[in-house]
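To start, the structure under review is shown below, and the notes come after it.
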There are 2 protein chains.
Amino acid sequence: MPHHQRADARRNYARILAVAEREVAAHGADASLERIARVAGVGSATVRRHFPGRAALLEAVFHERIESLCARADASVDAVDARAALLDWLDGLTEYAASARGMAEALAHDRLVEPERVSACAVKLEEAVEPLLRRAAESGAVAPDVTAADLLALVTGIALATERHADPAAEGRRLLELTVRGISPVS
Amino acid sequence: MPHHQRADARRNYARILAVAEREVAAHGADASLERIARVAGVGSATVRRHFPGRAALLEAVFHERIESLCARADASVDAVDARAALLDWLDGLTEYAASARGMAEALAHDRLVEPERVSACAVKLEEAVEPLLRRAAESGAVAPDVTAADLLALVTGIALATERHADPAAEGRRLLELTVRGISPVS
DNA sequence: TGCTAAACGGCGGGGGCCTCCGTATCGTAC
DNA sequence: GTACGATACGGAGGCCCCCGCCGTTTAGCA
């Protein structure tokens with residue numbers, strides 16, 4: 001009794017994921033699952049079988065990039081300049097979120113509707129920044145009451161607000177910089 | 001030849017708008033136009049006749065509140081403390097955006113896809129903050145390169161990122177405060 | 001009261017999401 | 001090589017939504 005995944009299933013999974021990446025890049029987070037199925041040459045039920053719910057699909061689509069961002073965070077956790085490390089990472093996240101249509105929605109969605117899922121992108125990212133944030137806070141560069149969730153929320157918000165902008169990356173960078181230094185930082 | 005709006009049209013307009021307010025409050029910016037029509041007891045074509053496109057409906061729904069916010073801005077343009085006036089207004093906007101489901105999406109939408117429309121909510125709000133911002137900048141409380149569009153974008157982003165949060169208003173306030181004082185304000 | 005233009009709303013097309021279920025295919029055991 | 005069981009597939013149908021068309025009703029003026 002084979003309890004392994006069948007070969008054709010794996011093939012279809014890969015095909016669907018590949019198509020989904022293109023499709024999400026082109027049409028954002030609300031790309032048509034139906035269309036993805038058609039382009040991939042499978043029935044719509046098969047898409048749903050492999051990815052139960054749009055969130056699951058998006059999660060898979062962004063998975064590699066998310067991992068890469070987490071790895072970057074891990075790598076710079078011992079940097080000499082804790083503040084620079086944190087800001088660099090936030091910059092990277094913002095840039096990626098701006099370049100990858102749909103990711104911001106995906107993050108916002110699972111941050112807010114299912115914050116318990118361990119595999120959720122947002123949770124992973126939060127856990128990844130957390131050490132950077134803590135070190136920055138210890139060095140006094142960041143106020144102690146700022147949480148990782150706050151940072152994720154702010155970046156997500158910036159990405160959402162700039163998503164359909166002419167040049168999302170530039171605008172995102174600009175707004176992030178503004179957020180970092182503060183609109184009106186005098187106490 | 002009567003080129004005035006007919007009485008029944010005006011009645012229907014009002015009915016639809018009233019229903020739309022409830023419906024948007026309950027289901028957010030992507031409330032079903034079809035459903036609104038059904039509840040209002042009119043054909044779906046009538047809804048679309050009065051409000052061509054979802055954006056138009058949302059605009060109408062939020063119109064009064066937007067006006068009220070603009071009025072508040074006008075009223076405090078001569079306040080002694082320019083910084084406090086600006087921040088107060090931003091606070092008010094954030095609070096309202098958090099309390100009114102759908103408004104953030106609406107703002108983000110017409111800020112980004114049709115920034116030319118004069119009647120668009122976002123444009124009005126931008127024009128309303130502009131004087132407050134200028135005065136705050138002159139007083140040195142805000143860096144001179146900050147634009148009204150930046151502020152709108154940030155608040156919109158915060159609202160979007162907190163919209164489905166458990167307590168959007170509290171979270172929004174928190175994030176706004178963080179944005180005002182800066183994540184890491186050291187130069 | 002009659003007439004015209006304005007407004008209405010039902011209807012059908014197109015599309016998306018979801019579920020069910022009969023069928024094809026894979027992998028294995030013989 | 002074949003036969004069998006589990007696994008995966010995909011088409012069909014239901015439901016909802018958005019949109020545009022167009023025949024019909026109705027308000028408002030003469």
Handout entry: More than 12 heavy atoms from other groups under 6.0 Å of CZ on A:R181
Key = yes
Problem - Intermediate values then yes/no, salt bridge (charged side-chain N to carboxylate O under 4.0 Å, His left out), B:R174 and A:D150 - result: CA-CA 9 Å; B:R174 174 181 173 73; A:D150 289 337; 2.5 Å; yes
Completion exercise
On DNA chain D, more 5' by nearest nucleotide between B:R38 and A:N12 is A:N12
Exercise for the section: Any chance you could measure A:L176, atom CG, to A:L154, atom CG, to the nearest 0.5 Å? Expected result: 9.0 Å
Problem - Polar side-chain atom of B:R101 near backbone of B:A25 as donor-acceptor pair, under 3.5 Å - result: no
Fill in the blank from the handout: Rounded to whole Å, the CZ-C1' distance (A:R10 to D:dC9) equals 16 Å
Practice task
To the nearest Å, give me how far apart NE2 (B:H50) and C1' (C:dG9) are.
Solution key: 12 Å
Completion exercise
residues 40-55 of chain B vs salt bridge (charged side-chain N to carboxylate O under 4.0 Å, His left out), sequence neighbours excluded, gives none
Fill in the blank from the handout: Separation of D:dC17 atom C1' from B:L57 atom CG, nearest Å, is 15 Å
Exercise for the section: Quickly work out the B:H4 NE2 to C:dA5 C1' distance and round it to whole Å. Expected result: 15 Å
Practice task
Take atom OH of A:Y13 and atom P of D:dA8, then tell me their distance rounded to the nearest Å.
Solution key: 14 Å
Problem - Per-nucleotide protein contact string for nucleotides 17-26 of chain C, where B marks a base within reach and S marks sugar-phosphate only (heavy atoms under 4.0 Å, - for neither) - result: BBBB----BS
Exercise for the section: Could you check which residues of residues 15-24 of chain A get a heavy atom under 4.0 Å from DNA chain D? Sort them by number, please. Expected result: none
Practice task
For B:R72 and B:W89, indicate whether the former's side chain and the latter's backbone hold a donor-acceptor pair under 3.5 Å.
Solution key: no
Exercise for the section: Tell me, with the steps shown, if B:V39 and B:E34 meet side-chain contact (heavy atoms from CB on, under 4.5 Å). Expected result: CA-CA 9 Å; B:V39 175; B:E34 211 79 14; over 6 Å; no
Handout entry: Backbone of A:V42 reached by a side-chain donor or acceptor of A:T46 within 3.5 Å
Key = no
